[in-house]
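The block underneath contains the structure these notes are about, expressed in structure tokens.
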Amino acid sequence: IAMNIHTAIISTAIFLIVAIGLFGNISFVFTVFRNRRIRTIRAYLLSILCLMHIIMLLHNIINVFRNMTGVQLSKQECIFALTIPPTIYAVSHQAFLYLILGIDVLVSLIFPSRYIRIRSLPYVLSLQVPCVLYSSSFITASAFYDDDRKIVACNPPDAFPVVVNRVRTTCGLAIGSIVLLIYLVVTIMLIR
């Protein structure tokens, strides 16, 4: 396996970042589920966010091995690789979950007495429904739009068909903007 110095440096850096990310995410999830006192709605939501991030990090390890060995996949091969559908799902679920987390913070500030009486598990599970629908829609759309082409890396942005990626990017920008606005409102509420 011939690997140039740049690939070796980048691969090493990615492995290091992934290792740190895996440690942090796994530690958070483990802590939440081991410590009953911190099992709050927000801790459960953040744990789900960590699980989605773990899926993405594990995919990056596989992608680094592909890059180190010089394996280049077509988009179609990438989509049918066992790692990309869960990663596409995780990326999309995570994006929408940021919106859910922002809305949850806002609801807890606007309706504090009602919020503390909410049963955590049913509430958290019901908040996953829009995340699941949002994420599943991109996987479904990717199956219907075929634009088989060679791609540099088998990662979610490249694995999506161009049309689907445009929609996903636009939705991601809209969701990101809404999240920023929500946290701006939350900041103003906390300052007052």
Side-chain angles (χ1 to χ4, degrees), residues 17-18 20-60 84-142 155-192:
I17 292 165
V18 167
I20 293 167
L22 285 172
F23 176 77
N25 284 294
I26 291 169
S27 296
F28 184 87
V29 172
F30 181 75
T31 302
V32 168
F33 285 95
R34 291 271 301 167
N35 190 339
R36 185 176 210 90
R37 292 178 312 166
I38 61 171
R39 289 187 202 159
T40 63
I41 290 169
R42 198 113 348 97
Y44 282 134
L45 290 172
L46 288 171
S47 293
I48 294 167
L49 190 66
C50 286
L51 291 173
M52 295 301 136
H53 200 222
I54 288 167
I55 292 168
M56 293 165 43
L57 289 169
L58 291 174
H59 172 76
N60 281 324
I84 200 68
T87 306
I88 288 173
Y89 178 86
V91 166
S92 302
H93 191 106
Q94 184 176 349
F96 206 86
L97 192 52
Y98 282 118
L99 176 61
I100 296 295
L101 278 160
I103 292 169
D104 179 65
V105 170
L106 198 56
V107 167
S108 71
L109 290 173
I110 295 171
F111 307 107
S113 59
R114 287 186 190 164
Y115 187 81
I116 59 172
R117 287 184 272 145
I118 294 174
R119 292 183 51 222
S120 295
L121 201 53
Y123 177 72
V124 169
L125 291 175
S126 68
L127 291 178
Q128 296 314 298
V129 172
C131 296
V132 169
L133 293 173
Y134 178 77
S135 304
S136 300
S137 67
F138 291 114
I139 291 176
T140 303
S142 293
N155 61 39
D158 288 338
F160 281 117
V162 175
V163 172
V164 177
N165 198 37
R166 273 194 219 119
V167 172
R168 188 188 71 85
T169 302
T170 303
C171 289
L173 289 171
I175 288 170
S177 299
I178 294 167
V179 169
L180 284 174
L181 287 173
I182 288 171
Y183 280 109
L184 179 63
V185 169
V186 165
T187 303
I188 291 169
M189 289 174 70
L190 291 173
I191 290 174
R192 289 185 177 188

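This chain uses plain numbering: 1 for the first residue, then up along the sequence.
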Of the non-hydrogen atoms in Tyr44 and Ser120, which two are nearest, and what is the gap between them?
CE1-CB, 3.9 Å

CG of Leu58 to OG1 of Thr87, rounded to nearest 0.5 Å, is 8.5 Å

Identified side chain to side chain contact (heavy atoms under 4.5 Å, CB included) counterpart of Asn25 within the set Ile54, Leu46, Ile20
Ile54

Angle class for the Tyr123/Tyr115 ring planes (parallel below 30°, perpendicular above 60°, tilted otherwise)?
perpendicular

So Ile188 and Leu184, side-chain contact (heavy atoms from CB on, under 4.5 Å) or not? Walk me through it.
CA-CA 6 Å; Ile188 291 169; Leu184 179 63; 4.2 Å; yes

Under a 4.5 Å cut-off applied to non-hydrogen side-chain atoms, are Arg114 and Val107 in contact?
no

What distance do Ser47 atom OG and His53 atom NE2 have between them, rounded to the nearest 0.5 Å?
14.5 Å

Under the criterion side-chain contact (heavy atoms from CB on, under 4.5 Å), I'd like the reasoning laid out for Leu109 against Val185: C-alpha separation, chi angles, the key distance, then a yes or no.
CA-CA 10 Å; Leu109 290 173; Val185 169; over 6 Å; no

Write down the atom of Ser135, the atom of Ser92, and the distance for their closest heavy-atom approach.
OG-C, 3.3 Å

Please confirm whether the backbone N or O of Thr31 pairs with a side-chain atom of Asn35, one donor and one acceptor, at under 3.5 Å?
no

CD1 on Ile41 to CG on Leu127, rounded to 0.5 Å
8.0 Å

So His93 and Tyr89, would you call those rings parallel, tilted or perpendicular, with 30° and 60° as cut-offs?
tilted

Is the closest side-chain heavy-atom distance between Asn165 and Arg168 below 4.5 Å?
yes

Any donor-acceptor pair under 3.5 Å from Arg39 side chain to Phe33 backbone
yes

Using the side-chain contact (heavy atoms from CB on, under 4.5 Å) rule, take Leu181 and Ser177 through it: C-alpha gap first, then chi angles, then the decisive distance, then the call.
CA-CA 6 Å; Leu181 287 173; Ser177 299; 5.6 Å; no

If you count the non-hydrogen atoms of other residues, nucleotides and ligands that lie under 6.0 Å from CZ in Phe30, is the total more than 12?
no

For Pro130 and Phe96, the nearest pair of non-hydrogen atoms, with its separation, is CB-CE2, 3.4 Å

Taking all non-hydrogen atoms of both residues, which atom of Ile100 and which atom of Cys131 are closest, and how far apart?
CG1-SG, 3.8 Å

Separation between OH of Tyr183 and CG of Leu190, rounded to the nearest 0.5 Å:
11.0 Å

If every non-hydrogen atom of Leu97 is compared with every non-hydrogen atom of Leu45, which pair is closest and at what distance?
CD2-O, 3.6 Å

OG on Ser126 to CG on Leu121, rounded to 0.5 Å:
10.0 Å

dist Tyr98:OH -> Ile182:CD1 (nearest 0.5 Å) comes out at 14.5 Å

Heavy-atom closest contact (Ala95 atom, Ile175 atom, distance):
O-CG2, 3.6 Å

